[in-house]
Every structure is written in structure tokens, then in C-alpha cells.
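For the single chain, residues carry numbers from 1 onward in sequence order.
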Amino acid sequence: MKESVKEVWIKFDSQEEYSENEERLFALLDEAPGDSLVRVYDASTKGYKKLSSRSFDETQISILVDAFGKDNVKFQERKVKAEQNKPYTRPIIRQIIPCPHDMYAVVKDSDGGECKYKVLLYALCSDGEVYPLFFDDWYGVCLSYDALACVDKYELEGGEVVYMPEGGKQV
């Protein structure tokens with residue numbers, strides 16, 4: 001079983017811009033096939049499309065950056081939860097509560113650095129848990145599952161750690 005998933009995201013401002021650049025994108029992806037999944041993000045609809053027939057070698061990311069710009073190409077490696085034996089049922093959001101704190105979700109990027117995302121809301125769910133939902137400029141508001149599976153820790157504005165998911169302890 002894979003421990004992580006590698007993804008290359010290419011952002012376009014609209015579906016029309018993607019359609020105009022689709023052939024060029026496919027040609028560039030064919031130059032450097034690899035083990036990274038390819039996702040195309042449409043900023044106008046805040047949706048994405050999986051290019052399941054394509055893959056990319058993340059060491060060749062400069063090819064895509066040169067073609068579409070540094071701000072429009074992103075590589076990420078997400079951890080995959082190792083414990084898959086336990087059945088997972090997606091909780092249903094019962095209530096949304098605004099976050100009155102300056103709280104941030106901290107995610108480690110592929111280079112070992114940290115990215116911080118502002119927690120906007122709390123979701124009270126059918127499983128009795130409260131999930132902090134953060135905003136990511138690529139995806140929008142995260143899914144409740146991502147709030148626990150992808151985040152390394154949650155911290156307040158001053159850096160005080162308030163929660164560490166996946167077996168981490170609450171401080």
C-alpha cells in the first residue's frame with residue numbers, strides 16, 4: 001500500500017483557458033511521464049478534473065512552470081492514512097460554527113517546509129466530532145476528512161499548538 005500520493009496541480013482561470021491549452025498541456029505531460037497524478041484546477045468554478053490517463057515526473061516540474069507560470073503549477077505529496085482496515089464512513093455536517101480564533105492548520109509540504117491555512121469554520125458532524133475547516137487557495141474550504149488526515153497540527157496565531165490529529169495529543 002502506498003504511504004503517500006504525489007500530485008501535480010495545474011491551475012487555469014476558466015474552462016475556456018483550459019480548452020485552449022489542453023493539447024499543449026498533454027504534449028508537455030507526455031514529455032515527462034512519471035508517478036505523480038495530474039489534476040487540473042478551474043479557478044472560475046473552484047472545481048478540478050483528474051487526468052487519469054496522464055501522469056508526470058515531479059522532478060521535471062520546471063517544464064510546466066515555464067509553460068503556465070509558477071503561480072499556476074503546484075506539486076504536493078499527501079500522506080495516505082496507513083490504517084485502512086477500519087471502515088470509514090464520512091460524517092454528515094450537522095452545524096457550521098464560525099471560528100472566532102486566529103487558528104491555522106499546518107501542513108508539511110514536499111520540501112519539508114510548512115504551509116499554514118486559516119481555519120474559518122468548525123463543522124459539528126453526525127459522528128459527534130467537531131472538525132476545524134480551513135481555507136486553501138487551490139481547493140477552497142477543505143473536506144472534513146482532510147481536516148484530520150492531511151493536517152500535521154493546528155496552532156494559534158502565536159504558534160501555540162492546540163491539536164495534533166492522527167494519534168497526536170491535544171496540548
Please check if the side chain of [X] supplies one atom and the backbone of [Y] the other of a donor-acceptor pair under 3.5 Å.
{"X": "Glu160", "Y": "Leu156", "result": "no"}
{"X": "Ser126", "Y": "Ile92", "result": "yes"}
{"X": "Ser55", "Y": "Ser36", "result": "no"}
{"X": "Arg24", "Y": "Ala67", "result": "yes"}

> Ion pair present between Glu7 and Lys74, side-chain N to carboxylate O less than 4.0 angstrom?
Replying inline: no

> Are any of the side-chain nitrogens in Asp42 or Lys49 under 4.0 Å away from the carboxylate oxygens of its partner?
Replying inline: no

>> As a quick check of understanding, evaluate side-chain contact (heavy atoms from CB on, under 4.5 Å) for Val40 and Tyr18, giving each step before the final call.
In response: CA-CA 8 Å; Val40 175; Tyr18 169 71; 3.5 Å; yes

Side chains of [X] and [Y], heavy atoms from C-beta outward: is any pair under 4.5 Å?
{"X": "Phe12", "Y": "Glu20", "value": "no"}
{"X": "Asn72", "Y": "Val65", "value": "no"}
{"X": "Pro132", "Y": "Val119", "value": "yes"}
{"X": "Leu133", "Y": "Tyr122", "value": "no"}
{"X": "Lys11", "Y": "Glu17", "value": "no"}
{"X": "Tyr131", "Y": "Ile93", "value": "no"}
{"X": "Trp9", "Y": "Tyr48", "value": "yes"}
{"X": "Leu64", "Y": "Ile10", "value": "yes"}

Reported [atom1]-to-[atom2] distance for the pair [X] and [Y], which is rounded to 0.5 angstrom:
{"X": "Arg94", "Y": "Asp127", "atom1": "CZ", "atom2": "CG", "result": "10.0 Å"}
{"X": "Asp57", "Y": "Phe75", "atom1": "CG", "atom2": "CZ", "result": "9.5 Å"}
{"X": "Phe56", "Y": "Leu51", "atom1": "CZ", "atom2": "CG", "result": "12.0 Å"}
{"X": "Gln15", "Y": "Ser44", "atom1": "CD", "atom2": "OG", "result": "7.5 Å"}
{"X": "Leu37", "Y": "Arg78", "atom1": "CG", "atom2": "CZ", "result": "8.5 Å"}
{"X": "Arg39", "Y": "Arg54", "atom1": "CZ", "atom2": "CZ", "result": "15.0 Å"}

> Stepwise, does the side-chain contact (heavy atoms from CB on, under 4.5 Å) test hold for Tyr154 with Val161?
Replying inline: CA-CA 6 Å; Tyr154 287 94; Val161 176; over 6 Å; no

> Are Glu157 and Tyr104 linked by a side-chain donor-acceptor pair shorter than 3.5 Å?
Replying inline: yes

> What's the verdict on side-chain contact (heavy atoms from CB on, under 4.5 Å) for Leu29 and Val38, showing C-alpha distance, side-chain angles and the deciding distance?
Replying inline: CA-CA 9 Å; Leu29 294 174; Val38 180; 3.9 Å; yes

> Under 6.0 Å from the NZ atom of Lys118, do we count more than 12 heavy atoms belonging to anything else shown?
Replying inline: yes

> Where is the tightest heavy-atom contact between Pro98 and Leu121, given as atom of each residue plus distance?
Replying inline: CA-CD2, 4.1 Å

>> Pair Lys6, Asp35 - check side-chain contact (heavy atoms from CB on, under 4.5 Å), show working.
In response: CA-CA 7 Å; Lys6 297 177 183 180; Asp35 62 349; 3.5 Å; yes

>> If hydrophobic clusters are built from ILVMFWY residues whose side chains come within less than 4.5 Å, do Phe134 and Val106 share one?
In response: no

